[in-house]
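Structure record follows, encoded as C-alpha cells.
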Amino acid sequence: MEKLKEYQDFFTEYSFTRKEMVFFPGKFPSSILLILKGKVRVYLNYPHGKEFTLTILSPGDVYSGHTRTFGQALEPVGMASIPMEVFKEMLQKMPNLVFGLVGVLGDALRGSMDVIESLVFEEADVRLISLLLEWAGHNGKPVPRGVEIKLDFTREEIASMIGSSRQTLNNLFRNLMNEQLIEVQNKSILIKDLDRMWHILRERKGE
C-alpha cells in the first residue's frame, strides 16, 4: 500500500450511484480502472437492447478502459482511473498488480465464451439452470432444505445474463418452481435438490 501511495497524485477518483453507467467504449481509452468499493457489472451491448454479462468487478479488481464493454454499478461504487503509462511503471514496482488484471480479464474472456456457446447451442432454460448451479457452487449456503443463493441482482440483470427478457425469466422461474426444483424469494433462491438440478441440466443438454 505504501508503494501505491507514491502514485496517488496520478489517480482520478469517481463515485457512481446504483445503476449508473461507470464506463462505456471510448470513455477511458487510455486508462486502467481500479475498483475501490462496490460492484460493477461488465457486459456487452447488442442491437435491440440485448445485454450479455461477462463478469462482475469487486473492490480491488483492475480493469482496462479501452475494451468494447460497458460497466454498470450494481451498488454505490468508488473507482479510480490511472493513466496507462503510469500503470506500466507501477507494474515494474508492484508486479502483483498484473495478477488482478489478468484474473479479471480471464473471467471476462470465459464469460464471453460462455455467452457465445450458450447462445448458439443452448435454450434459455438451460442457460438459467447453468447460472444457478454456478452460483450455488461459488456462493451457495447449505441449509436444511437445500442450497440457498443470495441474490445481488435484479430480475432485469439476471435476464441479461442469460440473454432473455424479464418476462421470459419469470416464466422460467415459474417452471422451475412448478417442478419443485427451486423457491424464489425476495433476495434469495433456494435450490431444493442440487443433484436433481444437475441431472436435469445434463438431460436437457443431451449429455
**Q.** Salt bridge present between K39 and E75 (N-O < 4.0 angstrom)
**A.** no
Q: Can you measure from CG (L36) to CG (D61) and round to the nearest 0.5 angstrom?
A: 11.5 Å
Q) Just checking, is any N or O donor in the side chain of Y63 or T55 under 3.5 Å from an acceptor N or O on the other one? A) no
Q: Determine whether L176 and L128 make a side-chain contact, defined as any pair of heavy atoms from C-beta on separated by less than 4.5 Å.
A: yes
Q. What's the verdict on side-chain contact (heavy atoms from CB on, under 4.5 Å) for N139 and K150, showing C-alpha distance, side-chain angles and the deciding distance?
A. CA-CA 8 Å; N139 305 306; K150 292 294 183 183; over 6 Å; no
Q: First locate atom CG of D152, then atom CD1 of I56, and finally report the distance between them rounded to the nearest 0.5 Å.
A: 8.5 Å
Q) Would you find a donor on one side and an acceptor on the other, under 3.5 Å apart, between the side chain of S64 and the backbone of T67? A) no
Q. Got a second to check how far R127's CZ is from D125's CG, nearest 0.5 Å?
A. 8.5 Å
Q: Indicate the atoms forming the closest heavy-atom contact of L33 with S81, along with that distance.
A: CD2-CB, 3.9 Å
**Q.** Connected hydrophobic set around M21, excluding itself, where side chains approach under 4.5 Å
**A.** F24, Y43, F70
Q) Passes side-chain contact (heavy atoms from CB on, under 4.5 Å), L57 versus V77? Steps please. A) CA-CA 10 Å; L57 303 179; V77 166; over 6 Å; no
**Q.** Reported CG-to-CG distance for the pair L132 and L181, which is rounded to 0.5 angstrom
**A.** 10.0 Å
Q: Hydrophobic side-chain clustering at under 4.5 Å (ILVMFWY, transitive links): who's grouped with V143? Put none if nobody.
A: L190
Q | Side-chain heavy atoms of L44 within contact of T69, under 4.5 Å | A | yes
**Q.** Any M197 side-chain heavy atom under 4.5 Å of V147 side chain
**A.** no
Q: Among residues two or more places apart or on two chains, list those pairs meeting salt bridge (charged side-chain N to carboxylate O under 4.0 Å, His left out) that have a residue in residues 19-36.
A: none
Q. Are any of the side-chain heavy atoms of Q167 and N171 separated by less than 4.5 Å?
A. yes
Q | From CD1 (I158) to CZ (F173), nearest 0.5 Å | A | 4.5 Å
Q.
To the nearest 0.5 Å, what is the distance between CG on L169 and OG1 on T154?
A. 9.5 Å
Q.
Does Y14, at its OH atom, have more than 12 non-hydrogen atoms belonging to other residues, nucleotides or ligands within less than 6.0 Å?
A. yes
